[in-house]
Amino acid sequence: MVEYEMMRTLIKDSINHINEEIVVQGWVHSRRDHGGLIFIDLRDHSGLLQLVVNPEKSDCFKISEGLRDEFVISVKGTVKNRDKDLINPKILSGKIELVVEEIEVLNTSESLPISLFSENESSEEQRFKYRYLDLRTNRSQEILKRRAEFYRILRNYMDSNDFTEVTTPVLANSSPEGARDFLVPSRVHPGKFYALPQSPQQFKQLLMVGGLYRYYQIATCFRDEDPRADRLYGDFYHLDIEMSFVSDGEEVRKMTEPLIKDLVLNFAKKKLLFKDIPRISYSEAMDLYGTDKPDLRFDLKLTDVSNIFASSEFSVFRTAIQEGGVVKAINLKKAASKFSRSQIDHYTELATKEGAKGLAYIIMENDELRSPILKFLSEEEINKLKKETNFENGDLIFFGADKKELVNRVLGKVRDKAGDDLGLKDPDVIAIAWIVDFPLYEWNESEQRLDFGHNPFSMPKGGLKALDNQDKLNIVADQYDMVMNGYEICSGAVRNHHPEIMYKVFESIGYQRDFVDKKFGAMVNAFKYGAPPHAGCAFGIDRIFMILLNEDNIREVVAFPKNGSGVDLMMDSPSEVDSAQLKELHLRTIF
RNA sequence: GGGCCCGUAGUGUAGCGGCCUAUCACGUCUCCCUGUCACGGAGAAGAUCGCCGGUUCGAAUCCGGUCGGGCCCGCCA
């Protein structure tokens, strides 16, 4: 007698096993009781198999009458071909069935608190509370398997390119910049804390100093920041990469590109919009798209039209420019007929939510212009506008007039929404680009001081000299992000590996040497002993996986996600601990 | 921390001031049924409409608060 765990195997081999006796185990997927004959669809990880229970087997029949959805059973029976007109083309095993001879209930099931296989999909809250049931669906099973496949591709690629996988500590140190840390109190050292790393940044750089040629890790990262649909709470995964003897970010970009292309083309089976992945500077991205993570599946661009309206009669435009701001336009080609008045109002709403005072627009239909601001615009201005923005019949232009940063942000959002509303985001297409040359510093308006733009460990282009001579806000770092369909999926940099430049970079925004020594002691010390130039990056694995699977919520692609408040509804974590545990950790309860 | 939206039998929904003693489907329970595969048929049980308070002659429905959930802003070097 053959024992089968896998029905898929059974299906493949069924030709050879017709009339053989076999044993299968699985879940009762559904039961159809005809009174004198019972059909059961048995389900395991590989699919469905129909069982037939005849009344002559009175013991089996009795048991079968009591079976309910999701009972776990073990069945012995004979594989039979179905008659031609009884074949079910909807299931893989539809040509055969198992005529039951013995049946044993291995476990029962209460009726389910969520619906698994019907058309009513239960709420996310319910599904995640009962995630162990939700995982039984085809969709979940598929996601788990695809994720394993995804990991395998990452590892194969890295391994075959001389990268060494190194596991770095999870109990690490709190870092002063960046996200909020998860702290872990030390029992042995009263009053001291570990922190769970936001990324293995410092460890991987120390590996470079340690002589490792190339490093990678599928690294767990921990950040205590509020989640979003595309951002997990708590822990998430990086493909973390670092390469020694690299002084130009281009080397990292060239190294990682083929992997991402392979994932798009062969893993996700999607179209890649740009075969040669473009490099777009941060400032260009902000100018053209109003964001540093543009969705490049569609080609809408912002145009600076300040020169046209510098002395306009329309005071909103004129004043904005006089006060050092800009006027920019985005021409939504052929959108005029597609947008109703109320839809345009939605854009205005979006703009004001972002801080704009309003959102001027102008429409050209049947050679006629329509706009609330039309009376303020001269013919010359209109003509120049037509020329500079390719403004034609059927087009709709939105304007932003304010400080440059605000205008970019607002029109960037407008651009993104227009991409949705005009159906320009093809789900089968992936557009990838590198955004390069991020500013090392940025101006913190609320605190009126300089801050690090992206991360404090990148090498300023031009080194020490740049730090001495240039206007700080003009200093560019060899720092790069990869964007995919409007999501940031990777961030990296050529690292600052000279102690003197490290000190200087911090000093420029008011941190003294001892601050650097205290907070980044290991790194800055290590750099004193022949640190090789090095560069790297980190890809957000969960997010890439989400995009490639066309999911719009990142929690869907994780086995056991936490909800929007950082709660694991299934495990009910975080939870209280008893006072003895707190005492041992030298903590007192605050309640 | 802030804004917007949601909360109705086990599950998904309808109802959005009186026709509500709350709709429908799935599930559950009882009975019938020997070829179904979303089996079919007959019947039954199951909801103090998240919770508290208010307005009203009257509240699932309107208002306030609160709890829970979602999306967004802040935050995410």
Side-chain angles (χ1 to χ4, degrees), chain A residues 29-43 48-56 61 65-66 68-70 80 82-91 93-94 97 99 109-130 133-134 175-181 197-199 201-202 221-234 236 349-350 352-355 409 413 417 438 440-442 444 446 451-458 477 479 488 491 493 505-506 509 519-520 538 540 543 552-553 555 563-565 567 569:
Chain A
H29 187 72
S30 70
R31 189 181 62 104
R32 293 176 292 281
D33 185 345
H34 287 238
L37 181 68
I38 298 173
F39 298 101
I40 297 159
D41 286 340
L42 188 70
R43 187 189 76 247
L48 297 173
L49 174 67
Q50 173 163 281
L51 314 178
V52 187
V53 188
N54 289 305
E56 293 79 52
F61 200 79
E65 284 180 318
R68 293 295 177 272
D69 287 357
E70 300 305 304
K80 295 281 186 190
R82 296 202 200 182
D83 287 347
K84 220 170 196 171
D85 50 339
L86 296 178
I87 287 171
N88 181 0
K90 290 182 203 162
I91 62 173
S93 63
E97 61 192 8
V99 179
S109 172
E110 296 181 10
S111 56
L112 301 183
I114 58 174
S115 65
L116 293 187
F117 303 103
S118 86
E119 281 166 23
N120 318 331
E121 193 177 66
S122 297
S123 66
E124 185 187 297
E125 186 180 358
Q126 289 295 311
R127 289 197 298 118
F128 287 163
K129 182 170 180 185
Y130 298 97
L133 297 178
D134 191 45
S175 64
E177 300 279 333
R180 293 183 186 89
D181 284 317
Q198 297 172 27
S199 88
Q201 180 73 27
Q202 297 196 55
C221 303
F222 303 89
R223 292 180 192 175
D224 182 13
E225 295 294 345
D226 290 354
R228 291 284 184 275
D230 66 343
R231 203 166 77 197
L232 289 161
Y233 175 81
F236 62 98
E349 211 174 286
L350 174 80
T352 47
K353 221 176 92 186
E354 290 296 323
R409 193 168 75 237
K413 297 273 181 193
K417 182 171 162 57
F438 279 78
L440 184 64
Y441 301 115
E442 63 188 25
N444 184 330
S446 58
D451 256 346
F452 286 111
H454 240 48
N455 108 34
F457 307 113
S458 358
Q479 204 168 274
E488 177 194 322
S491 192
V505 160
F506 277 90
I509 58 169
K519 294 297 181 186
F520 308 105
R543 195 176 284 170
D552 47 21
N553 191 317
R555 295 194 279 267
N563 76 0
S565 320
V567 172
L569 294 165

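Since the structure is predicted, the reported quantities are computational estimates derived from the model, not experimental observations. Quick note on labels: first sequence line is chain A, next is B, and so on, each numbered from 1.
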*Separation of the C1' atoms in B/C49 and B/U13, to the nearest angstrom*: 13 Å
_Interatomic distance at P, B/U61 relative to B/U48, whole Å_ = 15 Å
*Compare the minimum distances between each of B/C72, B/G70, B/C76 and the side chain of A/Ser565, then state the nucleotide with the smallest one.*
B/G70
*asked:* Any base atoms under 4.0 Å from A/Glu56, or only sugar-phosphate, or nothing? Heavy atoms, all strands.
replied: base
*Could you work out the separation of B/A59 and B/G54 based on their C1' atoms and round it to a whole Å?*
11 Å
*Quick one: the side chain of A/Asp69 and the base of B/G27, do they pair up donor-acceptor inside 3.5 Å?*
no
*Give one of base, sugar-phosphate or nothing for A/Gln50, where a contact means two heavy atoms less than 4.0 Å apart.*
base
*A/Phe457 near the nucleic acid: base, sugar-phosphate alone, or nothing, with a heavy-atom cut-off under 4.0 Å?*
base
*So does A/Arg82 reach the base of B/U36 with its side chain, donor to acceptor, closer than 3.5 Å?*
yes
_Within the 4.0 Å heavy-atom criterion, would you say A/Glu110 contacts the bases, only the backbone, or no part of the nucleic acid?_
nothing
*So what does A/Asp83 touch, heavy atoms closer than 4.0 Å: a base, only the sugar-phosphate, or nothing?*
nothing
*Take A/Lys413 and A/Arg32, find for each the nucleotide of RNA chain B with the closest heavy atom, and name the residue whose nucleotide sits nearer the 5' end.*
A/Arg32
*With a 4.0 Å cut-off on heavy atoms, is A/Arg31 in touch with a base, just the backbone sugar-phosphate, or nothing at all?*
nothing
*asked:* Could you write out RNA chain B as dot-bracket? Rules: Watson-Crick or G-U wobble, both distances under 3.5 Å, brackets [ ] for crossings, | for pairs with another strand, dot for unpaired.
replied: ((((((((.[[[..)..(.....]]].(((((.......))))).....[[[[[..)....]]]]])))))))....
*Using a cut-off of 4.0 Å on non-hydrogen atoms, how would the nucleic acid contact of A/Glu349 be classed: base, sugar-phosphate, or nothing?*
nothing
*Looking at every strand, decide which applies to A/Arg228 at a 4.0 Å heavy-atom threshold: base, sugar-phosphate, or nothing.*
base
*Are the aromatic rings of A/Phe457 and A/Phe452 close, with centres under 6.0 Å apart?*
no
_Spacing of the C1' atoms in B/A14 and B/A22 (rounded, Å)_ = 9 Å
_Distance, C1' atom - from B/C67 to B/C51, rounded to whole angstrom_ = 7 Å
*Across the strands shown, which category fits A/Arg180 at heavy-atom distances under 4.0 angstrom: base, sugar-phosphate, nothing?*
sugar-phosphate
*Given B/G12, B/U11, B/G69, which nucleotide is nearest the side-chain atoms of A/Ser123?*
B/G12
*Indicate, with a heavy-atom threshold strictly under 4.0 Å, whether A/Ser199 touches base, sugar-phosphate, or nothing.*
base
*asked:* Give me the distance, rounded to whole Å, that separates B/C72 from B/G10 when you measure between the C1' atoms they each carry.
replied: 33 Å
*asked:* Tell me the closest heavy-atom pair linking A/Leu569 and A/Glu125, and the distance in Å.
replied: CD1-O, 3.7 Å
*Could you check whether A/Pro227 gets within reach of a base, just the sugar-phosphate, or nothing at all, counting any heavy atom under 4.0 Å?*
nothing
*From B/C26, B/U36, B/G1, pick the nucleotide closest to the side chain of A/His34?*
B/U36
*asked:* Side chain of A/Leu86 only, heavy atoms from C-beta on: which candidate in B/G12, B/U30, B/U36 is closest?
replied: B/U36
*Check ion pair A/Arg409-A/Glu354 (N to O, under 4.0 angstrom)*: yes
*Pairing of A/Glu70 and A/Arg43 as salt bridge, 4.0 angstrom limit*: yes
_So A/Lys519, base contact, sugar-phosphate only, or nothing? Heavy-atom distance under 4.0 Å._
nothing
*Do A/Arg231 and B/C76 share a donor-acceptor pair, side chain to base, under 3.5 Å?*
yes
*Integer angstrom distance from the C1' of B/A44 to that of B/G58*: 33 Å
*Counting side-chain heavy atoms from CB outward, which of B/G10, B/C76, B/C72 is closest to A/Ala179?*
B/C76
*When you check the phosphate oxygens OP1 and OP2 of B/C71, does a side-chain N or O of A/Asn553 lie under 4.0 Å from one of them?*
yes
*For the ring pair A/Phe520 and A/Phe506, is the centre-to-centre distance below 6.0 Å?*
yes
*Listed nucleotide nearest any side-chain atom of A/Lys90, set B/G74, B/A38, B/G69*: B/A38
*Picking from B/G70, B/U11, B/U30, which would you name as closest to the side chain of A/Arg68?*
B/U30
*asked:* Looking at A/Asp134 and A/Arg127, is there a salt bridge between them, counting it only when a charged N and a carboxylate O are closer than 4.0 Å?
replied: yes
*What nucleotide among B/C37, B/C75, B/C29 has an atom nearest to a side-chain atom of A/Glu225?*
B/C75
*Please evaluate the base of B/G35 for a donor-acceptor partner in the side chain of A/Glu97 within a cut-off of under 3.5 Å?*
yes
*Select from A/Ser111 and A/Asp33 the residue whose nearest nucleotide in RNA chain B is closer to the 5' end of that strand.*
A/Ser111
*What distance, rounded to whole Å, do you find between the two C1' atoms, one in B/C6 and one in B/C16?*
14 Å
_Quick check for you: among B/C37, B/U11, B/G70, whose closest atom lies nearest to any side-chain atom of A/Asp41?_
B/C37
_Nearest to the side chain of A/Glu354, heavy atoms from C-beta on, is which of B/G70, B/C73, B/U36?_
B/C73
*Mind checking A/Leu112 for me? I need base, sugar-phosphate or nothing, with any heavy atom below 4.0 Å counting as a touch.*
sugar-phosphate
